[in-house]
Participant: 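The following block contains the structure, expressed as structure tokens.
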Amino acid sequence: FARKHKGAFILRFEDTDTERNRPELIEPILESLRWLGLLWDEWPYFQSHRFALYREWAERLFTEGKAYKCYCTPEELEEKRKRALAAQQKPKYDGRCRSLTAQEEQRFLSEGRRPALRLKIPQSGIIAVEDAIRGRVEFDSSELDDFIILRSDGRPTYNFSVVVDDVTMNITHVIRADEHLNNTPKQILLYRAFNYPVPIFAHVPMVLAKDRSKLSKRHGATAVFEFRDRGILPEALVNYLARLGWSHGDQEIFSTEELIEKFSLEAVHPSAAIFDEEKLWWVNHHYIQTGDPKRLGELLRPFLVKLNMMSEAEAQAVPNEQLADLVTFFKERCRTLVDLAEAARYVLTDNIAYEPAAVKKFLTPEKVELLRALAEALASVTPFAAAELERATRAYLESQGKTLKDVAQSCRVALTGKTAGAGLFETMELIGKTKVIARLQRASTVIGESSGEGVIQRHFTMEHYNTRMHLL
RNA sequence: GGGACGUUCGUCUAGCGGUUUAGGACAUCGCUCUCUCAAGGCGAUAACGCGGGUUCGAAUCCCGCACGUCCCA
């Protein structure tokens, strides 16, 4: 919205709650926003650094007679609240300290009480919020009380500090989750007290978890990192999130540029949305298919390490060309970067994860014999490319009175460890002659080794290949 | 306890009184393709929270109720 209207996107940390305010939480938030490509225009502001300003603005309201000192203790207030609730009354401040005599004030001060500052609000009347999404929402003044703007320890309350900030930062549009709609009348009262025009408010729907409970905002950055680590692309997450509570015809896929161009508050609808991971995977799949293979290849590197396929140094050493080729080869059946990295495992390493069920079903002694013979037939194929391999394989099988169906799955398991994957001959070409021959040859050892119970993965190294090659 | 907001397929949504046998997307399930798995193509299942009104006509307007969420805390 800010980009579309050539405004400034200001990042502000509302960290007046000194107990919950932990400096180590800041960097992850900045990092998550950077990763998403949501780049702010000014250095972030911290409310915790602006207490002097809030105090100054609060004192001004006091001087102008718009706010007053309240000496009531939390215990007294709690007591009143309980009594009100017991009497089925609305628990709001009774205005006790609105008109204190000098004498009473002296007495409180001599007792060592420190005053809080409360805003004097109109006793009656309607406060209307003109919400850009929900239309006019009216609140009766009698529902509100003289709320605290500055606590007795000098800390501002949320409603006060945000309004001071919005005024001093010349904020024109307040777009936020609808949990704040009920705070808005109080804030409007503050704008009026400051003689400052009320900005445009727009309360957007919340995003809820699957069980309709609220997604914790304190875990926002963590959640972003979680998706990043699960191989989600930033543009996919932004695209998916943008379509929650907002739509533009039947369109589902939006580039960031398109979002800037097409977003409008009028098209935001008011009801809450549930976060559906399945659809996020689908959006991500789209961006994996259409993204630049070179870029995706680079993004793959950290996952090669995370998935224990190789060391950091080895991952760095894989040529970008090869990574890009792997992306192109595997992307069709991959929804995430993790899928891509995992798919490429049998190409980049010899550390193959053989699926036990697949070995049991397809690497029977009879099939293994056939594979060994096939390896010999393929050893002379030149070039070692898909079309030639297919021709040679089919010819050989025909000579043996067999069909491709008889051997394809066994062959795939021997080469990749899996029953599912890309075309067999394309896979052979990708793996390369040496490894294909070796893996077909050593299929018998896979049975031998995995016939035992509980064998989930077989790990073998180049030494094994060399030995087998020698025997060959 | 009071107040505010919300309620269309399982999910995201279109719809802003008649063009609606309620449209699209994700998911699900078929079919197709086939060496497997995907992808793609084709198709299917599936929704207006409930009850009153207004109107010739309501998912669309009004009222009540229920449920959910938020605020006062």
Side-chain angles (χ1 to χ4, degrees), chain A residues 74 77-78 81-82 84-93 127 129 131 133-145 147-148 157-159 176-186 203-215 239-253 266-286 288-289 330-335 339 343 355 358 361-362 389-390 393-394 397 402-413 415-416 418-428:
Chain A
L77 295 171
E78 183 55 29
R81 178 178 302 133
K82 276 185 187 155
L85 283 175
Q88 307 255 335
Q89 301 283 312
K90 189 173 172 60
K92 59 178 207 178
Y93 184 63
I127 304 159
V129 177
D131 189 278
I133 293 166
R134 276 147 228 273
R136 184 185 178 88
V137 182
E138 296 188 343
F139 295 85
D140 200 311
S141 274
S142 62
E143 290 298 326
L144 274 34
D145 61 4
F147 60 92
I148 292 177
T157 55
Y158 165 75
N159 283 314
R176 58 187 176 192
D178 70 16
E179 60 191 323
H180 283 115
L181 183 55
N182 290 298
N183 284 322
T184 310
K186 291 181 183 175
H203 289 90
V204 300
M206 310 252 295
V207 178
L208 306 175
K210 226 184 241 126
D211 61 358
R212 300 200 135 292
S213 69
K214 190 171 153 181
L215 286 174
N239 188 152
Y240 172 72
L241 251 14
R243 273 287 283 100
L244 254 29
W246 174 81
S247 63
H248 185 81
D250 287 338
Q251 192 171 344
E252 296 287 351
I253 299 299
E266 290 70 44
V268 175
H269 80 151
S271 63
I274 291 173
F275 194 97
D276 177 26
E277 286 193 0
E278 283 299 332
K279 187 153 181 183
L280 172 59
W281 300 143
W282 174 78
V283 175
N284 203 55
H285 175 262
H286 170 84
I288 294 272
Q289 304 318 304
F330 287 113
K331 67 180 184 181
E332 202 164 274
R333 40 185 68 67
C334 292
R335 302 206 292 183
D339 290 348
E355 294 169 5
K361 182 168 180 192
F362 293 108
L389 287 164
E390 176 157 13
T393 303
R394 286 190 189 276
L397 289 171
K402 304 270 188 194
T403 66
L404 186 55
K405 256 192 164 68
D406 293 323
V407 75
Q409 283 298 77
S410 301
C411 196
R412 172 174 281 107
V413 173
L415 294 175
T416 71
K418 307 175 214 290
T419 53
L424 186 57
F425 305 105
E426 288 76 12
T427 302
M428 286 183 179

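Remember, it's a predicted structure, so these values are computed and weren't measured experimentally. Letters A, B, ... mirror the listed sequences (proteins, then strands); counts begin at 1.
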Participant: Not counting sequence neighbours, which residues clear side-chain contact (heavy atoms from CB on, under 4.5 Å) with A:R394? List them please.
Facilitator: A:E390, A:L404
Participant: State the pairing partner of B:rC37; accept Watson-Crick or G-U wobble contacts with both distances under 3.5 Å, and report none otherwise.
Facilitator: none
Participant: What is the distance, to the nearest angstrom, from the CG atom on A:L280 to the P atom on B:rU11?
Facilitator: 18 Å
Participant: Return the set of residues passing ring-ring contact (aromatic ring centres under 6.0 Å, His included) with A:W246 (not counting sequence neighbours), or none when no residue passes.
Facilitator: A:F254, A:F263
Participant: For A:Y158, give me all partners under ring-ring contact (aromatic ring centres under 6.0 Å, His included), at least two apart in sequence or on another chain.
Facilitator: A:H180
Participant: Summarise protein proximity over nucleotides 27-50 of chain B in one line of letters, 5' to 3': B for base, S for sugar-phosphate only, - for none, counting protein heavy atoms closer than 4.0 Å.
Facilitator: S-------BBBBS-----------
Participant: Is there a donor-acceptor pair under 3.5 Å between the side chain of A:T157 and the backbone N or O of A:I148?
Facilitator: yes
Participant: Distance check, C1' atoms only: B:rU60 and B:rG3, in whole angstrom units.
Facilitator: 27 Å
Participant: Using modelled atom types and a 3.5 Å cut-off, is there a donor and acceptor pairing between side-chain atoms of A:R243 and backbone atoms of A:H248?
Facilitator: no
Participant: Reading nucleotides 66-73 of chain B 5' to 3', which nucleotides get B (base under 4.0 Å from a protein heavy atom), which S (sugar-phosphate only), which -?
Facilitator: ----BSBB
Participant: Counting any heavy atom closer than 4.0 Å, what does A:R243 reach on the DNA or RNA strands: base, sugar-phosphate only, or nothing?
Facilitator: base
Participant: Taking only residues two or more places apart in sequence, or in another chain, which ones meet A:F330 in a ring-ring contact (aromatic ring centres under 6.0 Å, His included)?
Facilitator: A:Y346
Participant: Under the rule for salt bridge (Lys or Arg N to Asp or Glu O under 4.0 Å), what residues qualify as partners of A:R212, not counting sequence neighbours?
Facilitator: none
Participant: Which value, in whole Å, describes the distance between the C1' atoms of nucleotides B:rG41 and B:rU7?
Facilitator: 37 Å
Participant: When the P atoms of B:rG24 and B:rA14 are compared, how many Å lie between them, rounded to an integer?
Facilitator: 15 Å
Participant: Quick one: A:F139 CZ to B:rG2 P, roughly how many Å, whole number?
Facilitator: 17 Å
Participant: Quantified in whole Å, what is the C1' atom distance between nucleotide B:rG1 and nucleotide B:rU8?
Facilitator: 33 Å
Participant: Nearest-Å distance, NE2 (A:H248) to P (B:rG24)?
Facilitator: 18 Å
Participant: Rounding to the closest angstrom, what is the interatomic distance between B:rC26 and B:rG43 at atom P?
Facilitator: 14 Å
Participant: In the structure shown, which nucleotide is the Watson-Crick or G-U wobble counterpart of B:rC29, with both distances under 3.5 Å?
Facilitator: B:rG43
Participant: For the side chain of A:V137, starting at C-beta, report the closest nucleotide among B:rG24, B:rA4, B:rU7.
Facilitator: B:rA4
Participant: Write down the distance between CD1 (A:I274) and P (B:rG6), rounded to a whole number of angstrom.
Facilitator: 17 Å
Participant: What integer number of Å spans the C1' atoms of B:rG40 and B:rC33?
Facilitator: 9 Å
Participant: Sub-3.5 Å donor-acceptor pair from the side chain of A:D339 to the main-chain atoms of A:C334, do we have one?
Facilitator: no
Participant: Between A:E266 (CD) and B:rG15 (C1'), how many Å, whole number?
Facilitator: 17 Å
Participant: With rounding to whole Å, what would you report as the distance between B:rA27 and B:rU19 at their P atoms?
Facilitator: 31 Å
Participant: Taking the same atom, C1', in B:rU45 and in B:rA22, what whole-Å distance lies between them?
Facilitator: 16 Å
Participant: Mind checking what makes side-chain contact (heavy atoms from CB on, under 4.5 Å) contact with A:A273, not counting sequence neighbours?
Facilitator: A:L244
Participant: Over how many whole Å does the gap from A:L244 atom CG to B:rA25 atom C1' extend?
Facilitator: 13 Å
Participant: How would you list all residue pairs meeting side-chain hydrogen bond (donor to acceptor under 3.5 Å, both in side chains) that involve residues 272-281 of chain A, not counting sequence neighbours?
Facilitator: A:R230-A:E277, A:E252-A:K279
Participant: Considering every strand shown, what is the Watson-Crick or G-U wobble mate of B:rA58 when both distances are under 3.5 Å?
Facilitator: none
Participant: Does A:H269 make a side-chain N or O approach to OP1 or OP2 of B:rA14 shorter than 4.0 Å?
Facilitator: yes
Participant: Measure the distance from CG on A:D211 to P on B:rG10 and round it to the nearest whole Å.
Facilitator: 18 Å
Participant: Under a 3.5 Å limit for both distances, which nucleotide forms a Watson-Crick or G-U wobble pair with B:rG64, could you say?
Facilitator: B:rC50
Participant: I want to confirm an ordering. Mapping A:S271 and A:S247 to their closest nucleotides on RNA chain B, which one lands closer to the 5' end?
Facilitator: A:S271
Participant: Checking A:D178 side chain against A:H203 main chain: does a donor-acceptor pair fall under 3.5 Å?
Facilitator: no
Participant: Which whole-number value in Å describes the distance from A:D250 CG to B:rA14 C1'?
Facilitator: 7 Å
Participant: If we call it a pair only when both distances are under 3.5 Å in a Watson-Crick or G-U wobble match, what pairs with B:rA4?
Facilitator: B:rU69
